[in-house]
Amino acid sequence: MALYETTSEQNIQSRFRFRHANEIKLIQKQYPLSPTQFDALFLIYFKLWEQHQNPSNYILRSQFSDVLYKCFNMPDDFLADQIQMALDKGASTNVALKTWMKAMYIFLKGTLDQKMEYCFAVYDAAGKGILDRAQIIKLLKNCFIKKDDEDGDEGLNEFADVIIKKMDIDLDGAISFADYSESVRREPLLLEFLGQCIPERESIAAFLVTFSRP
């Protein structure tokens, strides 16, 4: 994606930024990126919007999925949908600037607490506040089985039981956020135990290089 601009493009971008002025103020307070990072991420968002010039002034959900795949090597379409719903608190055909900046902030600078809240929301797409056995099996199946496989299903049932036994700290038969966060603090590798929600460090570093300035 070329990030250089002609004078005409600069004018279009200025108008685009003006239309998002109030949103930008709120984003800058909530997600304290450096000015260089914010401007670069805004420019990428603008360039994505410019490809289609969506009347809503937001980028398309499919474009956000492309960024996850092409820039962050996260090709799972199912989890891409879950990620968008977690960030936006519901399904939408568009991805707002605030959603874009929230995702990039979590990926690039998020604390463990912020990453835990985000990952759990991705897994808990229905917003029930718990991960019950059925949801755990559904997510495990997406991770490991790409077609009907009865033997695989049996293995996933057993794996789900192991996970619940390990992470269900209050012994209520499901994994709450409290169960999950305590488990992750004990064993950080459990952060993404039901599928990748955050890019690998190498992908994040490569993405940062695309707009870092000396």
Side-chain angles (χ1 to χ4, degrees), residues 1-5 9-10 12-111 113-125 127 192 195-201 203-213:
M1 182 190 304
L3 297 183
Y4 62 86
E5 299 172 321
E9 286 175 323
Q10 288 174 346
I12 295 171
Q13 185 193 151
S14 295
R15 291 195 294 270
F16 185 77
R17 183 181 284 266
F18 178 77
R19 290 195 292 270
H20 288 280
N22 292 332
E23 192 176 5
I24 287 171
K25 290 179 183 178
L26 294 174
I27 292 168
Q28 289 174 325
K29 289 180 180 179
Q30 194 166 1
Y31 306 114
L33 295 154
S34 72
T36 298
Q37 289 174 329
F38 184 91
D39 288 345
L41 290 169
F42 181 86
L43 179 56
I44 294 170
Y45 185 87
F46 167 73
K47 289 292 186 180
L48 290 168
W49 171 82
E50 195 176 32
Q51 291 176 6
H52 296 283
Q53 299 202 12
N54 188 343
S56 70
N57 288 315
Y58 298 133
I59 67 172
L60 302 176
R61 183 172 175 174
S62 58
Q63 293 177 294
F64 181 70
S65 295
D66 283 345
V67 170
L68 293 179
Y69 175 49
K70 295 176 181 178
C71 297
F72 293 125
N73 194 28
M74 297 170 66
D76 191 324
D77 290 337
F78 176 78
L79 274 181
D81 287 343
Q82 301 271 108
I83 287 169
Q84 189 274 332
M85 287 191 287
L87 292 166
D88 253 353
K89 307 300 182 185
S92 172
T93 57
N94 301 321
V95 173
L97 176 62
K98 182 178 180 181
T99 301
W100 166 260
M101 289 295 185
K102 179 180 180 180
M104 295 301 113
Y105 180 81
I106 291 171
F107 292 169
L108 302 175
K109 300 184 71 172
T111 63
D113 284 343
Q114 289 168 330
K115 289 178 179 178
M116 286 193 297
E117 183 178 346
Y118 156 74
C119 288
F120 190 85
V122 172
Y123 300 145
D124 179 28
E192 298 175 87
Q196 185 182 12
C197 306
I198 298 170
E200 299 288 346
R201 289 185 180 181
S203 297
I204 293 173
F207 184 74
L208 284 169
V209 167
T210 65
F211 61 79
S212 294
R213 297 175 184 174

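Since the model is a prediction, treat every value here as computed from it, not as a measurement.
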Audit row: K98, L26, side-chain contact (heavy atoms from CB on, under 4.5 Å) steps and yes/no: CA-CA 9 Å; K98 182 178 180 181; L26 294 174; over 6 Å; no

Atom pair CD (E192) and CG (L79), whose distance is rounded to the nearest 0.5 Å: 9.5 Å

Nearest non-hydrogen partners of Y118 and C197, listed with the distance: OH-O, 2.6 Å

Parallel, tilted or perpendicular: ring planes of H20 versus F42, cut at 30 and 60 degrees: perpendicular

CG-CD distance between N73 and E200, expressed to the nearest 0.5 angstrom: 8.0 Å

Enclosure of F78 CZ (heavy-atom neighbours >12, cutoff 6.0 Å): yes

Minimum heavy-atom distance A96-E23, with the two atoms named: CB-OE2, 4.1 Å

Within-4.5 Å side-chain heavy-atom neighbours: E50 and F16: no

Non-hydrogen atoms of Q196 and I83 that approach each other most closely: O-CD1, 4.5 Å

Euclidean distance, F46 CZ relative to L97 CG, rounded to 0.5 Å: 12.5 Å

Verdict with reasoning, M85 to R61, per side-chain contact (heavy atoms from CB on, under 4.5 Å): CA-CA 10 Å; M85 287 191 287; R61 183 172 175 174; 4.2 Å; yes

Value rounded to 0.5 Å, distance of CE in M101 from CD in Q30: 12.5 Å

Reported NZ-to-CD distance for the pair K109 and Q114, which is rounded to 0.5 angstrom: 10.5 Å

Gap separating the CD1 atom of I204 from the SG atom of C71, nearest 0.5 angstrom: 12.0 Å

Test item: Q82 side-chain N/O and V122 main-chain N/O as donor-acceptor pair under 3.5 Å: yes

4.5 Å side-chain heavy-atom contact, Y105 and L41: no

Heavy-atom closest pair, residues N57 and R19: OD1-NE, 3.1 Å

Taking every non-hydrogen atom, the tightest pair across A103 and L87: CB-CD1, 3.6 Å

Stepwise side-chain contact (heavy atoms from CB on, under 4.5 Å) check, D39 with R17: CA-CA 10 Å; D39 288 345; R17 183 181 284 266; 3.7 Å; yes

Mutual orientation of the aromatic rings belonging to W100 and F64 [parallel < 30°, tilted 30-60°, perpendicular > 60°]: perpendicular

Donor on one side chain, acceptor on other, N54 and S56, under 3.5 Å: yes

S203 and F107: CA distance, side-chain angles, deciding distance, side-chain contact (heavy atoms from CB on, under 4.5 Å) verdict: CA-CA 10 Å; S203 297; F107 292 169; over 6 Å; no

Contact summary for V95 and Q84, nearest pair of heavy atoms: CG2-CG, 4.0 Å

Side-chain (Y45) to main-chain (I59) donor-acceptor, under 3.5 angstrom: yes

